[in-house]
Amino acid sequence: MAMEPTVKVALGTAAFGIFWVLAVFPAVPFLPIGRTAGSLLGAMLMVLFGVMSADEAYAAVDLPILGLLFGTMVVSVYLERADMFKHLGRLLSWRSQGGKDLLVRTCVVAALASALFTNDTCCVVLTEFILKIARQNNLPPKPFLLALASSANIGSAATPIGNPQNLVIAVQSGISFGQFVFGILPATLVGAVLNAAILLCLYWRHLSDEKCVEVVAPVPTDVVEEEDVTSHRFSPATMSHPRSSSHHHHHHQPGSSLSSPDCEVFEPVKLVTVTSNGDSNNKPDAADAAVVVGIHQRRGGGVRMKEEHAFRWVEEKEEAMEQWKSTVWKTGVYVITLSMLVALLLGLNMSWSAITAALALIVLDFKDARPCLEKVSYPLLLFFCGMFITVDGFNKTGIPSAFWEFMEPYARIDTPTGIVILALVILLLSNVASNVPTVLLLGARVAASAAAISPAAETNAWLILAWVSTVAGNLSLLGSAANLIVCEQARRSEQYGYTLSFFSHLQFGFPATLIVTGIGLLLIRSN
């Protein structure tokens with residue numbers, strides 16, 4: 001593709017530069033408007049500067065990717081409501097054997113959760129829980145936060161729904177869900193093991209300290225859920241009314257018609273006393289009044305006792321029914337999610353499979369879906385819309401094509417050297433321009449170059465791009481959104497706050513990323 005006129009190139013580069021600065025540094029002092037507004041600003045500038053027309057901007061928005069992203073986010077919201085992440089969290093502390101065991105479990109749970117529910121969702125949900133585990137077991141939070149972020153990134157590489165760049169690759173390449181998974185799964189498994197081993201080697205001494213080895217009681221028993229709080233609240237006692245003790249301190253008059261203390265009264269009784277001359281008197285004296293009050297209190301206490309027992313029985317029955325309904329609903333959520341994964345493995349349209357699963361969950365819930373739909377990250381969807389337009393406009397300047405024409409002879413995937421050079425280019429761009437824009441800029445060009453070799457090479461090129469752009473997120477703290485989520489969640493935690501610095505992440509991220517990426521490249525093969 002030939003370069004556009006100089007003015008157009010300069011204006012397009014300026015618009016892309018603004019987008020890049022706000023995407024990487026959303027709180028930049030001179031324009032602290034955030035990533036979403038930054039991407040929309042870049043898109044608007046591309047149209048205003050004449051780099052692309054309004055119709056071209058609309059056409060640049062990839063609706064299948066947005067549909068797939070929306071569907072998976074809705075499914076994740078319902079899975080969270082169905083306590084899926086609580087169950088995963090309990091795996092972290094079940095029969096824990098110490099710090100090293102907890103670190104390995106963190107890596108396994110994060111990798112598994114991110115492959116199915118996206119790395120960003122995994123990090124949002126599990127960061128606070130990881131901090132709590134570390135604090136309660138008197139362990140340093142740093143290795144566990146690094147394990148969560150890095151394992152979430154590596155695990156998300158295994159599936160097309162694991163992260164946003166994989167969504168883009170799956171839609172643009174046309175690779176089926178099953179082919180994608182089986183092509184990249186060996187690299188993901190080995191990469192996750194290597195990542196855990198590197199963390200253990202770097203932090204072995206911190207996890208082996210005597211004061212850290214002894215693990216306190218499992219975390220789930222300390223995490224009090226709302227139901228547990230309710231069930232242990234004080235309930236009114238069912239003992240007799242205190243005033244009933246007055247029965248034992250009064251004496252009946254010999255002439256009283258209510259002299260028997262064991263009589264039971266079932267209907268209102270009008271007290272009539274008899275005087276010494278035999279005349280009846282409708283006005284009871286104080287002693288007779290006390291007797292009547294005592295009898296009514298005894299009768300009232302028995303009625304209240306029966307009412308309380310009946311109320312408790314109804315309440316327990318309602319609780320059992322609600323618990324049964326909750327169990328059935330949660331089972332339905334898991335079945336629908338599993339059906340979505342099966343549909344994806346069978347090669348059905350990924351976007352519509354995810355949207356269908358999302359709508360099935362909404363119908364299953366059988367209530368107003370607004371609270372759940374409000375949890376969808378609409379700013380992320382808008383960010384993608386702006387990014388699609390901005391990147392497409394930058395592509396039209398001809399700069400990415402010129403760069404690839406220069407690099408293509410050295411980055412062909414039919415030679416080991418070419419694969420290494422391609423991986424280094426992807427690593428660099430993913431940390432400079434972020435992984436999703438890198439995939440949008442290089443994806444079609446890398447695939448076209450590989451297609452000239454063979455169809456299998458084209459598939460391999462897409463898988464290499466997915467693997468390297470994803471693992472590249474572990475290189476630095478700014479390499480992926482998952483890293484930033486873990487860092488910010490840890491810093492803002494009120495009870496377990498911890499600051500993960502850029503350089504402390506880089507000490508682990510740089511060597512780990514190079515090792516995991518290199519070993520994984522040897523294992524990626526298309527079927």
Side-chain angles (χ1 to χ4, degrees), residues 67-94 109-133 148 152 155-156 159 161-164 167 219-231 318-344 351 353-381 481-482 485-486 489 492-493:
L68 181 56
L69 193 59
F70 171 80
T72 53
M73 284 193 287
V74 173
V75 172
S76 295
V77 169
Y78 280 97
L79 283 172
E80 185 177 355
R81 277 187 56 197
D83 296 335
M84 171 62 77
F85 292 101
K86 284 186 180 179
H87 298 324
L88 290 174
R90 291 189 181 102
L91 290 177
L92 293 174
S93 54
W94 181 66
V109 170
L112 177 64
S114 63
L116 299 176
F117 316 120
T118 77
N119 53 353
D120 294 352
T121 301
C122 167
C123 291
V124 167
V125 175
L126 294 180
T127 299
E128 184 82 13
F129 195 82
I130 294 294
L131 282 172
K132 185 168 187 175
I133 287 177
L148 173 61
S156 70
T159 63
I161 60 175
N163 57 61
L167 295 176
V219 172
T221 59
D222 296 330
V223 179
V224 182
E225 298 179 5
E226 185 177 347
E227 302 95 282
D228 297 327
V229 173
T230 305
S231 64
E318 289 178 352
E319 287 179 358
M321 179 62 68
E322 288 298 321
Q323 189 171 1
W324 180 80
K325 288 180 179 179
S326 176
T327 302
V328 171
W329 180 81
K330 290 177 181 179
T331 303
V333 172
Y334 299 147
V335 168
I336 291 173
T337 304
L338 184 62
S339 300
M340 180 190 76
L341 295 176
V342 171
L344 295 175
S351 298
S353 296
I355 293 173
T356 301
L359 292 174
L361 291 172
I362 290 172
V363 172
L364 176 69
D365 200 27
F366 206 67
K367 62 178 67 170
D368 187 358
R370 181 182 298 177
C372 286
L373 292 177
E374 285 176 349
K375 293 183 179 181
V376 172
S377 180
Y378 296 104
L380 179 62
L381 297 175
I485 288 171
V486 170
Q489 292 270 100
R492 294 178 181 178
S493 176

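Taking CD of E319 as the reference point, atom OG of S326 lies at 12.5 Å (rounded to 0.5 Å). In this structure, CE in M73 is found 11.0 Å from CG in L373, a value given to the nearest 0.5 Å. Here the OG atom belonging to S76 is positioned 10.0 Å from the CG atom belonging to D120, to the nearest 0.5 angstrom. From E128, atom CD reaches atom CD1 of I133 across 11.5 Å, with rounding to the nearest 0.5 Å.
The two residues A369 and I362 make their nearest non-hydrogen contact at CB-CG2, 3.6 Å. Heavy-atom minimum distance, A358 versus V75: N-CG2, 4.1 Å. The two residues L364 and G332 have their closest heavy-atom pair at CD2-C, 3.7 Å. Here the shortest heavy-atom pairing between L68 and A354 reads CD1-CB, 3.8 Å. The two residues L344 and S353 have their closest heavy-atom pair at CD2-CB, 3.9 Å. C122 approaches L148 most closely through the heavy-atom pair SG-CD1, 4.2 Å.
Between L361 and L79, the closest side-chain pair of non-hydrogen atoms is not below 4.5 Å. Looking at Y334 and M84, their side chains come closer than 4.5 Å, going by heavy atoms from C-beta outward.
A donor-acceptor distance shorter than 3.5 angstrom exists from the side chain of N163 to the backbone of S156, with no hydrogens or angles considered. The main-chain N or O of V333 is found under 3.5 Å from a side-chain atom of T337 such that the two form a donor-acceptor pair. Of the possible donor and acceptor atoms, one in the side chain of D368 sits under 3.5 Å from a partner among the backbone N and O of R370.
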Item to complete: Decide yes or no on side-chain contact (heavy atoms from CB on, under 4.5 Å) for L69 and T118, but give the supporting numbers first.
Response: CA-CA 10 Å; L69 193 59; T118 77; 5.8 Å; no
